[in-house]
Number of protein chains: 2
Amino acid sequence: MKTLSIKDIAVEAGVSITTVSFIINGKARDKSISEAVIKKVEKIIAESGYKPNQIARSLRTGNSNIIGLIIEDISNSFFSRIARLIEDKAYKKGYKIIYSSTENNVEKAKELINMFKSRKVDGYIISPIKGLEEDIQQLLTDSKPVILFDRSLPGLDTNYVGADHFKATYESVESFIKQGRKKISLVTTDIDVQQITERLDGYKKALVDYGITYDENLVLKVYFNQEESETRAQMEKLFSNVETDAVLFATNYLAISGLKVLKQTKIKIGKNLSVIAYDDHEVFELHTPGISAVQQPLEEIAEAIIQLILRQLSSKTKLDNEQIVFSAKIIQR
Amino acid sequence: MKTLSIKDIAVEAGVSITTVSFIINGKARDKSISEAVIKKVEKIIAESGYKPNQIARSLRTGNSNIIGLIIEDISNSFFSRIARLIEDKAYKKGYKIIYSSTENNVEKAKELINMFKSRKVDGYIISPIKGLEEDIQQLLTDSKPVILFDRSLPGLDTNYVGADHFKATYESVESFIKQGRKKISLVTTDIDVQQITERLDGYKKALVDYGITYDENLVLKVYFNQEESETRAQMEKLFSNVETDAVLFATNYLAISGLKVLKQTKIKIGKNLSVIAYDDHEVFELHTPGISAVQQPLEEIAEAIIQLILRQLSSKTKLDNEQIVFSAKIIQR
DNA sequence: ATAAATAAGTAAAACGTTTTACTATTCAAT
DNA sequence: ATTGAATAGTAAAACGTTTTACTTATTTAT
């Protein structure tokens, strides 16, 4: 069965293609098409199950009703939850999402942007990585709506939605100190994005403010692409060698690895070692003992992203960029 | 800056559009274009950064190099992991994925299929729900490649990749019985797909085979869209009222809710109550005590899906449908 | 009775490709 | 010298829409 085209409908109704198009797009009344014709054509469309070819539509109009979502890794629950929320909200406005994971690989990310470009997506929601500055700038120059989230890139004037990571780690360290902890460790990644450096800065600043000297040996920077076994080995060393009495994990997957390591040792979380994880996860809630975590307001972040992008999509003029930063909350467990 | 078209390249190179198109598509040698022209054009393309408009390409060729992935919920870790694996493998073959979540809503799922159709995706990977039979049949009639996974729909002759759920629940119950458990409960959902009914059947059959009478009161069917608080209340009742001594959860999100409930009670997992969850999750590994789980071979499932769909995509003739069923493994913890 | 305005609708160009069928030139073989 | 094939390339149609500029018939205002 050949799929129907607008022409088939036009022939069937005995009117021109133009007329059918006007009707489909709700411009019939504007263009003074009679009620009788409108009814007739609508009936034929409904009965035939005709659906406009979006590809042809895109080619002609230059837009696609698709938003491209570029994230680090869809299998990370932080991203998959955000993705779900964004998808949901976008869907209600008639937009679809195409997503892809960068795996923190600059080349892959660039390809993704290109591929989204050549598919004429209407807007971009990106959790960026270093090295993408030029490509993103190009999108901006072409005046495509772009929203960065979770991370921003210095030197790029864009819309941004994220959380106050500096404050979150600062307060985490503060809470350790108030519990009497002295040897506070940070497990973070080497990826070079503002969000991650902010976390380190907050950590350092809190130490300094409370008169504890920063000790490099207490900071573990894990490479993003390294094997989990190696990560675990490094953590094991950190937890045992030094008499660390608190550890702050800068991402949830690091915290999960860390908890696996700790499970093998005799170290008692809460007693010998206080732990705070970043980005809440069911694991932390169900763990015995419960693991405190920095919780970003996912729902609000997703809402802000979608608001911003929809606003841009529907405005003909270039709007001012906005930076929206939410406070994260420490869930004490 | 207007985006470049093939015409711009043609003009710049002083050749026809046709020639440029042949070169882009690697048909130049076939079509006897001289090396000199090929080199020249390729150079111009590289320098200008021209990228073909995929929309126009799709319109002309009728395919998109996009595979549509329809799942229940991207924020469920089972699906997000599968999605990630599929995305990865598809990407390597030059295919992109568009995904969307159905939330087990038939209407939404139908709309998604339509939207994928009108975007001319080349193939469909679907974790289906009851009520989609006709729409999927239509895709098959239009001879589009379709792979169902995780669940199949009775009466539909398609490719399918999944796990042997009957066996998995059978063995789970068996393992409970061998531990001396008698009052074995099943917490499952009401969604009416084969994969879920199979799980129930395996549970029943094992009971019967071991001479335990099936007791309806021990089976809790949770509605997919109900509030988590209600689910928890129902579970609480189940765990306390009856002297249940084992519980098998038919999905990971149900198990997670269940563990949250159990955490509030004095019931000791492993002592008063044996637990097995379905679809492994970090929570189960890290839980104290560890929670046994039925683990589907995600990597193999994803690989099989992608193999099947790529094979269909590259074959001109209609291939025989295949049903690939993997054994799931019970991870004892 | 006529000009102007409105109603009802359409023809055709355009979006950016791919592909078919064609032309023109050169070369090799008889 | 002529034919047939190979070489090198191109013109134009087609994919399915949207949209601009137009036509024709009817109504309204004078």
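Being a predicted model, the structure only gives us computed values, none of them experimental. Numbered from 1 within each chain, the chains take letters A, B, ... in sequence-line order.
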*Output all residues satisfying ring pair (Phe, Tyr, Trp, His ring centres under 6.0 Å) with A:Y99, sequence neighbours left out; order by chain, then residue number.*
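A:Y99 satisfies ring pair (Phe, Tyr, Trp, His ring centres under 6.0 Å) with B:Y99 only.
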Quick one: sort the B:F79 and B:F149 rings into parallel, tilted or perpendicular, breaks at 30° and 60°.
perpendicular
List the atom pairs, with distances to 0.1 Å, where a side-chain N or O of residues 59-67 of chain A and a protein N or O form a donor-acceptor pair under 3.5 Å, not counting sequence neighbours.
unit_1 : atom_1 : unit_2 : atom_2 : d
A:T61  : OG1    : A:R57  : O      : 2.9
A:T61  : OG1    : A:N63  : N      : 3.2
A:T61  : OG1    : A:N63  : O      : 3.3
A:T61  : OG1    : A:N63  : OD1    : 3.2
A:S64  : OG     : A:I66  : N      : 3.2
A:S64  : OG     : A:K120 : O      : 2.7
A:S64  : OG     : A:D122 : OD1    : 3.3

If the cut-off is 4.0 Å, is [X] near the phosphate of [N], judged by side-chain N/O to OP1 or OP2?
X	N	answer
A:K27	D:dT19	yes
B:T61	C:dT18	no
A:K31	C:dG9	no
A:Y50	D:dG16	no

For [X] and [N], give me the distance from atom [atom1] to atom [atom2], rounded to whole Å.
X	N	atom1	atom2	value
B:K40	D:dG9	NZ	C1'	13 Å
B:E35	D:dA8	CD	C1'	13 Å
B:I23	D:dG9	CD1	C1'	11 Å
A:N53	D:dT18	CG	C1'	13 Å
B:D8	C:dC15	CG	P	11 Å
B:I9	C:dG16	CD1	C1'	13 Å
A:Q54	D:dC15	CD	P	19 Å
A:R29	C:dA7	CZ	C1'	15 Å

Checking [X] now: which residues fulfil side-chain hydrogen bond (donor to acceptor under 3.5 Å, both in side chains) with it, not counting sequence neighbours?
X	answer
A:S118	none
B:S152	B:Q194
B:S127	B:R151
B:S101	A:E87

- With sugar-phosphate meaning primed atoms plus P, OP1 and OP2, does B:S5 contact a base, only sugar-phosphate, or nothing at under 4.0 Å between heavy atoms?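 Sugar-phosphate, no base atom in range.
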Could you go through nucleotides 10-13 of chain D and list every protein N or O atom that sits under 3.5 Å from one of its N or O atoms, giving the distance for each pair?
unit_1 : atom_1 : unit_2 : atom_2 : d
D:dT10 : OP2    : B:S16  : N      : 2.9
D:dT10 : OP2    : B:S16  : OG     : 3.0
D:dT10 : OP2    : B:T19  : OG1    : 2.5
D:dA11 : N7     : B:T18  : OG1    : 3.3
D:dA11 : N6     : B:T18  : OG1    : 2.9
D:dA12 : N6     : B:T18  : OG1    : 3.3

Check: A:S32 side chain, C:dA7 base, donor-acceptor under 3.5 Å: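 Result: no qualifying N/O pair found.
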> For DNA chain C, which residues in residues 113-121 of chain B have a heavy atom at a distance below 4.0 Å?
Replying inline: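 Close to the strand, none.
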Under 3.5 Å, is there a donor on one side chain and an acceptor on the other for A:Y91 and B:E111?
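Looking only at side-chain atoms, B:E111 and A:Y91 do form a donor-acceptor pair, the distance falling under 3.5 Å.
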message: Closer than 3.5 angstrom, by distance alone: can the side chain of B:N53 be matched with the main-chain N or O of B:I55 as a donor-acceptor pair?
response: yes
Among D:dT19, D:dA8, D:dT18, the nucleotide that comes nearest once only the side chain of B:S34 is considered |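 That would be D:dA8.
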Sorted by chain and number, sequence neighbours left out, salt bridge (Lys or Arg N to Asp or Glu O under 4.0 Å) with B:E35 holds for B:R29
Applying salt bridge (Lys or Arg N to Asp or Glu O under 4.0 Å) to A:E12 and not counting sequence neighbours gives none
Please tabulate, one pair per line, all N/O donor-acceptor pairs under 3.5 Å involving side-chain atoms of residues 297-305 of chain B, not counting sequence neighbours.
unit_1 : atom_1 : unit_2 : atom_2 : d
B:E299 : OE2    : B:K89  : NZ     : 2.9
B:E303 : OE1    : B:K89  : NZ     : 2.7
B:E303 : OE2    : B:Q307 : NE2    : 2.8

One would report the end-axis bend of the helix from C:dA1-D:dT30 to C:dT30-D:dA1, five pairs per end and rounded to 10 degrees, as 50°
